Amino acid sequence: MENKVPIVPVVSSLSGLTMPVIGMGTASYPPVDAGTLKSAIVEAIRAGYRHFDTAFIYGSEQPLGAAIAEALNIGLIKSRNELFITSKLWCTYAEPDLVIPAIKMSLENLQLEYLDLYLIHWPLKFSKEVSRLPVPKEEVSVIDIKSVWSAMEECQLLGLTKAIGVSNFSSRKLEEILSFAKIPPAVNQVEMNPLWQQKELNEYCKAKGIHVSAHSPLGSKGTLWGDNRIFDCHALKEIAEAKGKTIAQICLRWVYEQGASVIAKSFNKKRMEENLEIFDWSLSVEELEKIRGLPQCKFNSIGTFIEPSAELEAQL
């Protein structure tokens, strides 16, 4: 029987970029084997997902590439152009002469000729390959953003990616990029959910024509850096029960109503499908007000990834 793929809305930034509102994340902790990940991605394509978010450090580029090849082979999609693929420049390659080799390595892993979006993963540079977490502070420095961004622009000019952006950048770091960028960032992918709402950053990005894409919309439950606060939140439970929705659906709908796109990760078929079912209903003014009043707490503290350094954090 022919599969009927759900129509997923798209968003546009001032750069002309269009991307599916919901993307599937491919980072997993603890990591899953390549075969499991490949099968989950093929299932996601079957369910209607067209945006896939990966990164060199996730180790998911090769399984994603294999899944795309299989989806094409079995006819789930007719062309690679039906997909939107995001990958990211890892901190060990945050040097101007390493950016183009890094994106080419990602493209080789993915078996693709171009990315739709390439992001600087963190505003950080690691002096060598990461062998443990947190990364020793002596191996971490703030990147030379002007030279690295120039290399990112070159990636776009060469046709290696259709758009460029950043991930986990503050408004201050974005302001720095905008002061010299010939091609402004199209996207800032940041942690965003009802318990870390990023109101000021979201408003800043909207004013500058930078689209916000939300990672960790459910608080990264089950990871080294996340916890269950969202799923234990009484107010979110009440809203979900009243609307006959899951807490995850409430969170994803809330992000969508903030004008952001969302990266949601699930390898469970039922939850994959549920995550797409957020477009034929909305949150009420009262429900939005209740969510607006929730206590705020950041899940993905940079201290999870690097040893604390007051000097470094002041620069970020």
Side-chain angles (χ1 to χ4, degrees), residues 19 23-34 36-38 40-41 51-69 80 83-135 139-145 147-149 151-156 158-169 185-191 213 215-216 220 223-225 263 265 300 302 304-306:
M19 60 190 292
M24 178 180 174
T26 61
S28 59
Y29 183 88
V32 299
D33 65 89
T36 298
L37 181 52
K38 174 190 169 185
I41 294 168
H51 178 189
F52 293 89
D53 181 88
T54 185
F56 173 81
I57 195 62
Y58 298 165
S60 61
E61 289 177 334
Q62 289 181 327
L64 174 54
I68 294 170
R80 178 264 182 267
L83 301 178
F84 189 102
I85 307 299
T86 298
S87 194
K88 307 179 189 76
L89 176 76
W90 183 235
C91 304
T92 49
Y93 304 109
E95 296 270 9
D97 59 336
L98 297 180
V99 173
I100 290 177
I103 191 173
K104 286 183 175 179
M105 181 166 51
S106 288
L107 289 171
E108 183 177 349
N109 288 339
L110 288 159
Q111 305 174 56
L112 298 178
E113 294 182 356
Y114 68 90
L115 294 172
D116 295 279
L117 179 63
Y118 195 48
L119 307 177
I120 299 176
H121 206 146
W122 285 89
L124 299 169
K125 180 178 69 134
F126 295 162
S127 60
K128 59 183 180 181
E129 289 291 342
V130 176
S131 57
R132 65 180 176 87
L133 289 177
V135 181
E139 294 179 14
V140 183
S141 60
V142 176
I143 63 176
D144 176 358
I145 189 60
S147 63
V148 170
W149 189 253
M152 293 287 287
E153 291 175 328
E154 187 68 15
C155 289
Q156 183 167 333
L158 290 171
L160 300 172
T161 182
K162 289 187 174 181
I164 52 176
V166 296
S167 180
N168 305 303
F169 272 54
V187 170
N188 186 19
Q189 186 185 114
V190 295
E191 177 187 353
S213 186
H215 71 67
S216 310
S220 302
T223 66
L224 179 67
W225 50 89
I263 305 299
K265 191 223 81 179
N300 287 316
I302 200 167
T304 305
F305 304 98
I306 66 171

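Only heavy atoms go into these numbers, but all of them, side chains included; no hydrogens, no water, no symmetry mates. Values in this document were obtained by computation on a predicted structure and should not be read as measured data.
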Minimum-distance pair of heavy atoms, taken over all atoms of [X] and [Y]:
{"X": "Gln111", "Y": "Ala69", "answer": "OE1-CB, 4.4 Å"}
{"X": "Phe56", "Y": "Ser106", "answer": "CB-OG, 4.4 Å"}
{"X": "Ala163", "Y": "Ala186", "answer": "CB-CB, 4.2 Å"}
{"X": "Ser60", "Y": "Leu37", "answer": "CB-CD2, 3.4 Å"}
{"X": "Ala27", "Y": "Lys265", "answer": "O-CD, 2.8 Å"}
{"X": "Lys88", "Y": "Tyr118", "answer": "C-CE1, 3.5 Å"}

Measure the spacing between [atom1] of [X] and [atom2] of [Y] and express it to the nearest 0.5 Å.
{"X": "Asp53", "Y": "Ser213", "atom1": "CG", "atom2": "OG", "result": "7.0 Å"}
{"X": "Met105", "Y": "Ser87", "atom1": "CE", "atom2": "OG", "result": "9.5 Å"}
{"X": "Asn168", "Y": "Leu124", "atom1": "CG", "atom2": "CG", "result": "9.0 Å"}
{"X": "Ile120", "Y": "Asn188", "atom1": "CD1", "atom2": "CG", "result": "10.5 Å"}
{"X": "Asp33", "Y": "Lys38", "atom1": "CG", "atom2": "NZ", "result": "11.5 Å"}
{"X": "Leu158", "Y": "Lys104", "atom1": "CG", "atom2": "NZ", "result": "7.0 Å"}

Quick one: does [X]'s side chain get under 4.5 Å of [Y]'s, heavy atoms only?
{"X": "Ile103", "Y": "Leu89", "answer": "no"}
{"X": "Met19", "Y": "Val187", "answer": "yes"}
{"X": "Cys155", "Y": "Ile100", "answer": "yes"}
{"X": "Val166", "Y": "Met152", "answer": "no"}
{"X": "Pro96", "Y": "Asp144", "answer": "no"}
{"X": "Trp122", "Y": "Trp90", "answer": "yes"}

Just by distance, no angles: are the side chains of Asp116 and His51 close enough, under 3.5 Å, to form a donor-acceptor pair?
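The answer is no; no qualifying pair exists.
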Expected output: side-chain [X] to main-chain [Y] donor-acceptor under 3.5 Å:
{"X": "Ser167", "Y": "Gln189", "answer": "yes"}
{"X": "Asn109", "Y": "Gln62", "answer": "no"}
{"X": "Arg80", "Y": "Tyr114", "answer": "yes"}

Out of Thr54, Ile263, Thr86, which residue meets the side-chain contact (heavy atoms from CB on, under 4.5 Å) rule with Thr26?
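That would be Thr54.
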Candidates Leu160, Ile164, Leu107 - the one meeting side-chain contact (heavy atoms from CB on, under 4.5 Å) with Leu115:
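Of the listed options, the one satisfying the test is Leu107.
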Is the Tyr58-His121 ring centre distance short of 6.0 angstrom?
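Ring-ring flag for Tyr58/His121: true, centres closer than 6.0 Å.
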